[in-house]
Amino acid sequence: MSETKQEFINLIHNSKLKKINAKLKAIDLIDGNFHICYIPSLKLSAYGSTSSEAFKMMKNIVIPDFCETLMSQEKNKILSELKALGWSQSPFFKTELCKSAHIDKEGILRDFDLSENTELRERLMTV
């Protein structure tokens, strides 16, 4: 679907600062009367009556809540949670994780129980 090869998450987790920077792929789709913004690599979704509303809900509510919950844990638990979602720790930068950005269209349609004719639009989200 896209040219971007990988997504990344950079974790800063120490006694003074807890922060996440990330570049993630978001998928926009329509299910009935709802627009959905879905981030497959984190298994997060948000909805709205427009695509813009769903994206804003993802960026302003879902992602911050996910990050706050994730970063409230010990670093080993954070890494374990992300690895369970398929993320790999960089061998060079211990605070960076990456994941292949391949989007499985059929898998997404199946997960949301949608028709194979459903249009999926991809966009990049920076957090």
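Along the sequence shown, residues are numbered consecutively beginning with 1.
- Closest of all the heavy-atom pairs between S45 and I36 is CB-CG2, 4.2 Å.
- Between the CG atom in L29 and the CZ atom in F112 there is a gap of 5.5 Å [rounded to 0.5 Å].
- T118 pairs by the side-chain hydrogen bond (donor to acceptor under 3.5 Å, both in side chains) definition with nothing, not counting sequence neighbours.
- Counting non-hydrogen atoms of other residues, nucleotides and ligands closer than 6.0 Å to CG of N14 gives a total above 12.
- Between T95 and K75 there is a side-chain heavy-atom pair separated by less than 4.5 Å.
- Side-chain contact between K43 and D111: absent, with no pair of heavy atoms (C-beta onward) separated by less than 4.5 Å.
- Contact annotation: the side chain of L79 approaches that of L11 to within less than 4.5 Å [non-hydrogen atoms, C-beta and beyond].
- Remark: E122 engages K25 in a salt bridge, criterion side-chain N to carboxylate O under 4.0 Å.
- Atom CD1 of residue I78 and atom CD1 of residue I9 lie 10.5 Å apart, to the nearest 0.5 angstrom.
- Judged purely by atom type and a 3.5 angstrom limit, K59 has no side-chain atom pairing as donor or acceptor with the backbone of V127.
- Residues L120 and I30 fall into different hydrophobic clusters, defined by Ile, Leu, Val, Met, Phe, Trp and Tyr side chains chained together at heavy-atom separations under 4.5 Å.
- The two atoms that bring A46 and A54 nearest to each other are CB-O, 3.6 Å, heavy atoms only.
- In this structure, the side-chain hydrogen bond (donor to acceptor under 3.5 Å, both in side chains) partners of S49, at least two apart in sequence or on a different chain, are E53.
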Contacts table for residues 65-74: side-chain donor-acceptor under 3.5 angstrom, sequence neighbours left out:
residue	atom	partner	partner atom	Å
T69	OG1	D65	O	2.9
S72	OG	T69	O	2.7
Q73	NE2	T69	O	3.4

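- I27 contributes atom CD1, which lies 9.5 Å from atom OG of S41 (distance to the nearest 0.5 angstrom).
- Within the 3.5 Å criterion, the main-chain N or O of L42 finds no donor-acceptor partner in the side chain of W87.
- For R123, the salt bridge (charged side-chain N to carboxylate O under 4.0 Å, His left out) partners at least two apart in sequence or on another chain are D28.
- Side-chain contact between L24 and L44: absent, with no pair of heavy atoms (C-beta onward) separated by less than 4.5 Å.
- Annotation: the span from K99 atom NZ to K23 atom NZ amounts to 15.5 Å, rounded to 0.5 Å.
- The CG atom of L97 sits 5.5 Å away from atom CG of L82, with the distance rounded to the nearest 0.5 Å.
- Of all heavy-atom pairs spanning S100 and E7, the tightest one is O-OE1, 4.2 Å.
- A search for side-chain hydrogen bond (donor to acceptor under 3.5 Å, both in side chains) contacts involving N21 returns nothing, not counting sequence neighbours.
- In this structure, K18 and H13 have side chains that are in contact, with non-hydrogen atoms separated by less than 4.5 Å.
- Judged as a side-chain hydrogen bond (donor to acceptor under 3.5 Å, both in side chains), and not counting sequence neighbours, the contacts of K77 are E81.
- At a threshold of 4.5 Å between side-chain heavy atoms, the hydrophobic network of Ile, Leu, Val, Met, Phe, Trp and Tyr places L85 and I39 in one connected group.
- Placement of M125 and F8 in two distinct hydrophobic clusters is found when ILVMFWY residues are connected by side-chain heavy-atom separations under 4.5 Å, directly or transitively.
- E96 places no side-chain N or O within 3.5 Å of a backbone atom of N10 that could act as its donor or acceptor partner.
- In this structure, the separation between CZ on F34 and OG1 on T50 is 12.0 Å, given to the nearest 0.5 Å.
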